[in-house]
Amino acid sequence: MQKQNYFRPALSRRTLLAGLIATGASQIVPAPALARGLGKFRRVALVNNRTGEAVRTVYWADGAYIPEALAAIDILMRDWRQDAVHPIARATVDILAETYRLLDCQEPFEVISGYRTPHTNALLRRRGRGAARNSYHIKAMAADIRLASRSVGQISRAALSLKAGGVGRYSRSSFVHVDSGPQRTWGR
């Protein structure tokens, strides 16, 4: 006679992971260690270069986005000039995560710019900072990123290999723009 296993976990893997993230455990234990054995997952590591805030988290597990993790990403990528938070397009977060995975690095992406209010975008345009009039940053669909350990070329090649969204190279300013708009590329 075969022994039956009557143990049934009280929490699903996704609920457990979300709970750990919500309580800040992802700041203590690296996200991959939390997710090991929990099924498929997506993670991202970001630091805001203006505020110093950092997020290293699993934001998608077992086929579903984790609201608490996405909220932390939205806050980090807010328009810091206006302190305005807007939900970042999930496709943009996915592009960031997959680019990060392809680069196989340990340091977080330095976020130079995420969401921008129309007011901030207009301010940057007036100052001649190259902000597009209808920027995907205004739509919360873009991020300007860099890594100390990778070149603009390496980051942009990884993002371009996804064949998703826009990828802009800004070698003179040492950052790469990624967005979840139409597929296109520009810059040097």
Side-chain angles (χ1 to χ4, degrees), residues 18 21-22 26-27 31 41-61 63-103 107-147 152 155-156 158-170 173-187:
I21 289 167
S26 64
Q27 300 299 323
F41 65 94
R42 297 178 195 158
R43 69 183 178 104
V44 70
L46 307 168
V47 62
N48 184 307
N49 78 332
R50 296 294 183 156
T51 66
E53 297 162 316
V55 173
R56 183 179 297 268
T57 191
V58 171
Y59 69 92
W60 183 93
Y65 289 99
I66 300 168
E68 297 86 357
L70 292 172
I73 293 166
D74 295 342
I75 290 168
L76 181 134
M77 293 183 65
R78 74 186 178 281
D79 181 337
W80 59 270
R81 289 174 182 89
Q82 304 296 317
D83 199 28
V85 178
H86 195 285
I88 302 299
R90 301 323 174 215
T92 301
V93 178
D94 290 338
I95 289 168
L96 288 169
E98 186 60 12
T99 301
Y100 186 77
R101 187 192 69 75
L102 289 171
L103 291 166
E107 71 181 288
F109 274 133
E110 180 183 337
V111 177
I112 298 158
S113 185
Y115 170 66
R116 287 187 210 142
T117 63
H119 178 269
T120 293
N121 202 66
L123 174 74
L124 294 174
R125 285 181 57 75
R126 281 193 303 275
R127 291 183 180 171
R129 300 285 168 96
R133 182 179 311 277
N134 295 312
S135 171
Y136 280 96
H137 289 280
I138 297 171
K139 301 171 187 176
M141 295 172 62
D144 296 339
I145 55 173
R146 75 167 55 115
L147 289 167
V152 167
I155 298 168
S156 64
L160 283 168
S161 74
L162 304 177
K163 298 184 184 333
V167 179
R169 293 171 55 138
Y170 294 88
S173 300
S174 300
F175 74 87
V176 174
H177 168 99
V178 296
D179 67 54
S180 55
Q183 189 177 342
R184 64 213 188 287
T185 185
W186 65 93

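All values below come from the heavy atoms of this structure, side chains included, with hydrogens, waters and symmetry mates left out. Remember, predicted model here, so these are calculated numbers, not experimental data.
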Let me confirm one number: the CZ-CG distance from Phe109 to Leu46, rounded to the nearest 0.5 Å. 8.0 Å

Taking Arg78 first and then Glu53, would you say they form a salt bridge - that is, a charged N and a carboxylate O separated by under 4.0 Å? yes

Are any of the side-chain heavy atoms of Arg116 and Leu124 separated by less than 4.5 Å? yes

Would you indicate whether the side-chain heavy atoms of Tyr65 and Arg42 approach each other to under 4.5 Å? yes

Thr117 versus Ala84, closest heavy-atom pair with distance: CG2-CB, 3.6 Å

Here the gap from Arg169 atom CZ to Leu160 atom CG, rounded to the nearest 0.5 Å, amounts to 8.0 Å

Going by atom types alone, do Tyr170 and Trp186 pair a side-chain donor with an acceptor below 3.5 Å? yes

Grab the two heavy atoms, one from Pro118 and one from Ile138, that are nearest each other, plus how far apart they are. CG-CG2, 4.0 Å

Let me see the working for Arg184 and Asp179 under salt bridge (charged side-chain N to carboxylate O under 4.0 Å, His left out), right down to the final yes or no. CA-CA 10 Å; Arg184 64 213 188 287; Asp179 67 54; 2.7 Å; yes

How long is the gap from CZ on Arg101 to CG on Leu96, to the nearest 0.5 Å? 14.0 Å

With the side chain counted from C-beta on, respond yes when Tyr115 and Ile88 share a heavy-atom pair under 4.5 Å apart, and no when they do not. yes

Tyr100 vs Ile95, test: side-chain contact (heavy atoms from CB on, under 4.5 Å). Steps then yes/no. CA-CA 8 Å; Tyr100 186 77; Ile95 289 168; over 6 Å; no

Nearest 0.5 Å, please: how far is CZ in Arg50 from CG in Asn48? 8.5 Å

Could you grab the distance from atom CG of Asp79 to atom OG of Ser113, nearest 0.5 Å is fine? 7.5 Å

side-chain contact (heavy atoms from CB on, under 4.5 Å) between Val111 and Asn49, worked out: CA-CA 6 Å; Val111 177; Asn49 78 332; over 6 Å; no

Identify the heavy atoms of Trp80 and Thr51 that sit nearest to each other, and give their distance. CB-CG2, 4.0 Å

What is the minimum heavy-atom distance between Thr57 and Ala69, and which atoms define it? OG1-CB, 3.8 Å

Return the minimal non-hydrogen interatomic distance between Thr99 and Ala158, and the atom names on each side. CG2-CB, 4.0 Å

One should read off an interatomic distance between Ile73 CD1 and Glu68 CD, to the nearest 0.5 angstrom, of 11.5 Å

Return yes if some donor-acceptor pair links the side-chain N/O of Ser156 with the main-chain N/O of Val152 below 3.5 Å, else return no. yes

Which pairs of donor and acceptor atoms, one on a side chain in residues 139-147, lie under 3.5 Å apart (sequence neighbours left out)?
| residue | atom | partner | partner atom | Å |
| --- | --- | --- | --- | --- |
| Asp144 | OD1 | His137 | NE2 | 3.2 |
| Asp144 | OD1 | His177 | ND1 | 3.0 |
| Asp144 | OD2 | His137 | NE2 | 3.3 |
| Arg146 | NE | Ser174 | O | 2.8 |
| Arg146 | NH1 | Glu110 | OE2 | 3.1 |
| Arg146 | NH2 | Ser173 | O | 2.9 |

When you compare the side chain of Ile66 with that of Trp60, does any pair of heavy atoms fall below 4.5 Å? no

Over all heavy atoms of both residues, which pair between Leu102 and Leu162 is shortest? Give the atoms and the distance, please. CD1-CD2, 3.7 Å

